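Here is the structure we will look at, set down as structure tokens.
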Amino acid sequence: MKERLQTLKDEALNQVKTVTDQQALQDIRVHYLGKKGQITEVLKGMGKLSKEERPVIGQLANEVRDVITEAIEAKKSKLEEEAIEKQLQEETVDVTLPGKPTQVGGSHLLMNVIRDIEDLFTSMGYQVAEGPEVETDYYNFEALNLPKGHPARDMQDSFYITEELLMRTHTSPVQARTMNKHEGKGPVKIICPGKVYRRDTDDATHSHQFTQIEGLYVDEDVRMSDLKGTLNALAKHLFGEEREIRLRPSFFPFTEPSVEMDISCKVCSGKGCSVCKKTGWIEILGAGLVHPNVLEMAGFDPEKYSGFAFGMGPERIAMLKYGIEDIRHFYTNDVRFLKQFHRV
Ligand SMILES: [Zn+2]
């Protein structure tokens, strides 16, 4: 029996040494140490032994069981460590694999148009001026020759915060604020881009929020011819050297005289088509000489100073330039639309 136990021990330890996975190790445990295992089988024969032999064999059987158990536990830990090590090696990042492409954003088409116009005017000595979008009634209307109750206010119905505060309806209050800061001393030469708000129902050509860019030049002896020359340069910069401009009389409360500027249609070159509604001309912007009342309210002497102002909608410029048919495209932020203009 002693020999049998010794053989079992050697057999078991040999198997444990060569085993390579947890399942096989578990099988060895069952085979030798289980309820129906080899050691138990040997112990079943104890009844045949003498009283003297029994405790000796019992002790040996326990020793053999302990040695095998220990060997199995040690092997179990070793196999677990190896499994973790293997997993770590398999999951190592392969830095030679190609990367996933990253989505790169771009500036919005309206920003591109605004920056393009800013670049032109800063090259002519203008400065970019900004102001608050929540504006006082005074700067949005009164300082621009639109006193309370003036009928032209109806064209610019807005969102009121209080009786005296509203979302600005145009960027013109920036002009009034900047003139005030100059305390009656010219020249003032600014371009004011920004968001404006009107209570319009959204459709293909109207939006309750849109952008404007306005320009103002106040100095001694500024004339209509200066305005015309400036607008001509702007039209050619935006739409090409071959574009002609024409000025038509118009009305704005803050300019006198006031004009609308048209450019010759680039689709039909002035012959008349559906884009220009058969007229050969396309309306681009409003302008005029600064009204003496506006100069005076801003602290400038209208006898000494004169100036011109103009304002346009970057949305309209972009729509004409790139054939965009619906103003809402600018604000719904469909990436498929925006992507087309990333490199404008
Ligand atoms: Zn045309």
Side-chain angles (χ1 to χ4, degrees), residues 114-148 150 152-153 156 158 164-197 211-234 237 250-259 261 285-314:
I114 288 170
R115 288 197 182 124
D116 181 35
I117 296 170
E118 281 178 4
D119 284 350
L120 171 70
F121 280 96
T122 50
S123 78
M124 296 195 284
Y126 286 72
Q127 287 187 318
V128 178
E130 288 181 334
E133 288 176 25
V134 177
E135 191 50 279
T136 61
D137 186 89
Y138 176 78
Y139 278 116
N140 195 76
F141 290 127
E142 285 177 50
L144 300 165
N145 209 25
L146 276 154
K148 285 200 163 73
H150 194 290
R153 280 195 181 202
Q156 300 190 12
S158 181
E164 293 299 324
L165 279 180
L166 70 155
M167 301 304 288
R168 67 180 180 193
T169 58
H170 44 190
T171 47
S172 312
V174 183
Q175 300 186 20
R177 284 176 177 275
T178 310
M179 276 195 282
N180 262 1
K181 274 188 211 149
H182 275 74
E183 296 176 333
K185 283 190 202 73
V188 180
K189 223 174 169 186
I190 53 162
I191 193 106
C192 342
K195 290 200 280 285
V196 300
Y197 305 83
T211 58
Q212 269 192 347
I213 183 159
E214 297 192 351
L216 172 74
Y217 177 32
V218 174
D219 204 351
E220 292 177 36
D221 207 23
V222 175
R223 306 172 189 196
M224 197 67 181
S225 52
D226 296 316
L227 172 62
K228 191 172 179 183
T230 304
L231 294 182
N232 194 36
L234 171 66
H237 175 77
S250 184
F251 168 79
F252 302 107
F254 26 83
T255 46
E256 181 59 40
S258 304
V259 293
M261 180 187 86
L285 57 79
L289 295 185
V290 182
H291 197 291
N293 287 355
V294 173
L295 287 172
E296 208 165 351
M297 274 187 280
F300 281 79
D301 177 3
E303 295 295 324
K304 190 181 171 194
Y305 284 102
S306 54
F308 65 70
F310 55 88
M312 71 202 103

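Please read all numbers here as calculations on a predicted model, not as lab measurements.
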Residues which pass side-chain hydrogen bond (donor to acceptor under 3.5 Å, both in side chains) with Ser258, listed by chain and number, not counting sequence neighbours: Thr255
By ring-ring contact (aromatic ring centres under 6.0 Å, His included) - contacts of Phe252 (at least two apart): none
For residues 225-234, run the donor-acceptor check on the side chains, cut-off 3.5 Å, and write out each pair with its distance to 0.1 Å, sequence neighbours left out.
from   : atom 1 : to     : atom 2 : distance (Å)
Asp226 : OD2    : Arg223 : N      : 2.7
Thr230 : OG1    : Asp226 : O      : 2.8
Asn232 : OD1    : Lys236 : NZ     : 3.2

Side-chain touch Glu220/Tyr305, heavy atoms, less than 4.5 angstrom: yes
Pairwise salt bridge (Lys or Arg N to Asp or Glu O under 4.0 Å) hits with a residue in residues 286-303, at least two apart: none
Qualifying ring pair (Phe, Tyr, Trp, His ring centres under 6.0 Å) pairs, either residue in residues 164-185, two or more places apart: His170-Phe254
Residue pairs, two or more places apart or on separate chains, that pass salt bridge (Lys or Arg N to Asp or Glu O under 4.0 Å) and touch residues 171-182: Glu135-Arg177
Residues forming a side-chain hydrogen bond (donor to acceptor under 3.5 Å, both in side chains) with Asn293, sequence neighbours excluded: Asn145
Qualifying residues under salt bridge (Lys or Arg N to Asp or Glu O under 4.0 Å), relative to Asp116, sequence neighbours excluded: Lys321
Minimum side-chain heavy-atom gap Val134-Arg168 below 4.5 Å: no
Set of residues satisfying ring-ring contact (aromatic ring centres under 6.0 Å, His included) with respect to Tyr217, sequence neighbours excluded: Phe308
CA sep, side-chain torsions, deciding dist, call: Thr169, Asn140, side-chain hydrogen bond (donor to acceptor under 3.5 Å, both in side chains): CA-CA 7 Å; Thr169 58; Asn140 195 76; 3.0 Å; yes
Set of residues satisfying salt bridge (Lys or Arg N to Asp or Glu O under 4.0 Å) with respect to Glu130, sequence neighbours excluded: none
Non-neighbouring partners of Glu164 that pass salt bridge (Lys or Arg N to Asp or Glu O under 4.0 Å), sequence neighbours left out: Lys148
Residues which pass ring-ring contact (aromatic ring centres under 6.0 Å, His included) with Tyr197, listed by chain and number, not counting sequence neighbours: none
Sub-4.5 Å side-chain heavy-atom contact between Glu214 and Ile191: no
Check ion pair Asp137-Arg153 (N to O, under 4.0 angstrom): yes
